[in-house]
Number of protein chains: 2
Amino acid sequence: MKTAFLDKGHDHGDCIQAALNAAEVVCQKQKARLTPIRRRVLELVWRGHAPVGAYELLQILKDEGFNPAPPTVYRALDFLIQHGLVHRISSLNAFVGCSRPGDVHDGTFLICRTCGTAAEMLDQTVLGTIGDMALSNKFSLSHVSVEAVGVCVDCRDGDRTEV
Amino acid sequence: MKTAFLDKGHDHGDCIQAALNAAEVVCQKQKARLTPIRRRVLELVWRGHAPVGAYELLQILKDEGFNPAPPTVYRALDFLIQHGLVHRISSLNAFVGCSRPGDVHDGTFLICRTCGTAAEMLDQTVLGTIGDMALSNKFSLSHVSVEAVGVCVDCRDGDRTEV
DNA sequence: TATATAATGTTATAATATAACAATATGTTA
DNA sequence: TAACATATTGTTATATTATAACATTATATA
């Protein structure tokens with residue numbers, strides 16, 4: 001059965017490539033500029049499926065010679081979030097690539113505390129339920145964040161610890 | 001119809017009193033000590049129905065002569081969270097009183113961006129749906145945070161801005 | 001080219017949170 | 001009660017995350 005968690009043996013290069021390709025398309029469509037820094041930050045966010053902190057990104061960029069200050073990274077992240085390419089995981093103060101790039105939507109995540117993976121639930125059921133609750137409370141909904149922490153099946157079964 | 005949002009005209013003194021009473025009961029039951037600082041922090045968190053930041057609490061305590069450093073407040077908040085008396089709203093880095101004290105449970109909130117009120121949805125539907133999603137992803141769930149931002153009915157209708 | 005706009009660079013600082021160790025208070029047992 | 005163990009709070013320092021404000025550079029458009 002297909003789950004929100006990818007197989008640990010998946011070709012992650014494909015994930016990165018797909019994310020970058022999608023970003024090009026999205027930016028072209030929205031007449032937004034995927035500058036080198038923005039592109040590189042997106043690529044780094046896609047290093048894996050575990051959310052990455054802004055200062056972690058900053059350190060990597062420094063090692064590469066970009067030598068940016070915090071605002072540079074935060075701006076890039078803001079841009080990527082605005083354009084539906086990245087989600088912020090507020091319980092972790094960290095950022096993760098969006099699984100449905102370009103379609104700006106709310107993030108609903110299952111986050112494994114062992115391997116760090118944040119799997120986006122693309123199923124609309126959860127958001128639908130929250131929408132219903134909002135409606136019955138006469139609450140005009142803008143955006144929703146769902147962050148569920150636990151242990152993914154691979155970490156439970158396999159005692160593995162890294163993505 | 002009853003909603004998760006209380007009427008703006010409600011007697012908030014009752015809310016505070018109920019929260020403190022419940023805290024006494026809970027702590028007695030759990031053989032935990034509701035020390036003066038913990039009690040005072042809880043009372044301050046219950047100043048209103050809008051989440052309060054740790055440094056905001058810190059400032060109030062300073063004005064009262066407690067003169068605490070940040071760890072004091074964070075420890076009190078941790079204690080209150082552990083015992084199911086307070087929830088942390090991670091998208092706001094702030095804390096709010098729990099509507100069902102003592103029953104340790106996950107927080108699901110509707111947060112009004114106008115008046116700041118965070119109304120806890122005590123209905124179990126949302127958590128049930130997330131539980132189902134976890135199950136179908138073979139994900140062993142520990143805890144969930146749902147934070148939905150929008151505008152509450154009073155702020156939409158009444159153009160009021162404070163709780 | 002001139003001009004406007006967008007993006008990035010740079011410096012400083014704000015806001016949130018925790019580590020580490022000392023001191024004090026409380027509960028428990030001999 | 002005295003001695004001890006444990007829990008709580010005090011204190012200092014610092015880590016971590018994020019933004020304000022203004023200067024500079026790049027890009028797009030008239």
Side-chain angles (χ1 to χ4, degrees), chain A residues 23-24 26-45 50-62 64-83 85-96 116 145 147, chain B residues 23-24 26-45 50-62 64-83 85-96 116 145 147:
Chain A
E24 299 282 6
V26 166
C27 288
Q28 197 155 27
K29 204 171 288 179
Q30 304 185 11
K31 295 193 198 310
R33 290 170 50 207
L34 191 64
T35 61
I37 285 217
R38 289 168 176 173
R39 189 190 161 85
R40 185 69 186 120
V41 167
L42 179 62
E43 199 175 357
L44 290 176
V45 165
V52 190
Y55 278 76
E56 207 176 328
L57 296 171
L58 194 63
Q59 187 53 56
I60 299 169
L61 290 169
K62 272 183 180 161
E64 289 177 350
F66 267 99
N67 201 38
T72 304
V73 170
Y74 280 102
R75 284 168 187 151
L77 289 168
D78 285 348
F79 171 90
L80 296 168
I81 290 169
Q82 292 300 318
H83 292 82
L85 301 168
V86 161
H87 290 287
R88 180 170 195 276
I89 307 293
S90 67
S91 63
L92 299 175
N93 293 326
F95 305 83
V96 71
S145 140
E147 299 174 16
Chain B
E24 300 280 7
V26 166
C27 287
Q28 199 156 26
K29 205 172 286 177
Q30 302 184 12
K31 295 192 197 315
R33 291 168 50 207
L34 191 63
T35 61
I37 286 216
R38 289 168 177 173
R39 188 189 163 86
R40 185 68 187 121
V41 167
L42 180 62
E43 200 175 356
L44 290 175
V45 165
V52 190
Y55 278 76
E56 209 176 326
L57 296 171
L58 195 64
Q59 188 53 57
I60 299 170
L61 290 169
K62 273 183 180 160
E64 290 178 348
F66 267 101
N67 200 40
T72 304
V73 169
Y74 281 102
R75 284 169 187 151
L77 289 168
D78 285 347
F79 172 90
L80 296 168
I81 291 169
Q82 293 300 317
H83 292 81
L85 301 168
V86 161
H87 289 287
R88 179 169 197 278
I89 306 293
S90 66
S91 64
L92 299 176
N93 293 328
F95 304 84
V96 71
S145 141
E147 298 173 16

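Values in this document were obtained by computation on a predicted structure and should not be read as measured data.
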Value in whole Å for how far the P atom of dT17(D) lies from CG of Asp78(A): 16 Å
Distance in angstrom units between Asn93(B) CG and dT18(C) P, rounded: 10 Å
Residues forming a salt bridge (charged side-chain N to carboxylate O under 4.0 Å, His left out) with Arg39(B), sequence neighbours excluded: Glu24(B)
Atom-to-atom span, CD of Gln59(A) to P of dT17(D) - whole angstrom: 13 Å
Interatomic distance, Leu42(B) atom CG to Leu80(B) atom CG [nearest 0.5 angstrom]: 5.5 Å
Atom-to-atom span, CG of Leu58(A) to C1' of dT8(C) - whole angstrom: 14 Å
Contact pattern, 5' to 3', of nucleotides 5-15 of chain D - B, S or - by protein heavy atom under 4.0 Å: ---SBBBB---
Protein-nucleotide distance (Tyr74(A), atom OH; dT10(C), atom P), rounded to Å: 19 Å
Any pair counted as side chain to side chain donor-acceptor pair (under 3.5 Å), so long as it reaches residues 28-37 of chain A, sequence neighbours left out: none
Euclidean distance, atom CG of residue Leu34(B) to atom C1' of dT26(C) [Å, nearest integer]: 15 Å
Partners passing side-chain hydrogen bond (donor to acceptor under 3.5 Å, both in side chains) against Ser145(A) (at least two apart in sequence or in another chain): Glu147(A)
Nearest-angstrom distance from the residue atom NZ of Lys31(A) to C1' of dA7(C): 19 Å
Please tabulate, one pair per line, all N/O donor-acceptor pairs under 3.5 Å involving side-chain atoms of residues 52-59 of chain B, not counting sequence neighbours.
from, atom 1, to, atom 2, distance (Å)
Glu56(B), OE1, Gly53(B), N, 3.4
Gln59(B), NE2, Asp63(B), OD1, 3.0

side-chain contact (heavy atoms from CB on, under 4.5 Å) involving Glu43(B) - partner list, sequence neighbours excluded: Ile16(B), Leu20(B), Arg40(B)
Whole angstrom value for the distance that separates P of dG9(C) from CG of Leu61(A): 10 Å
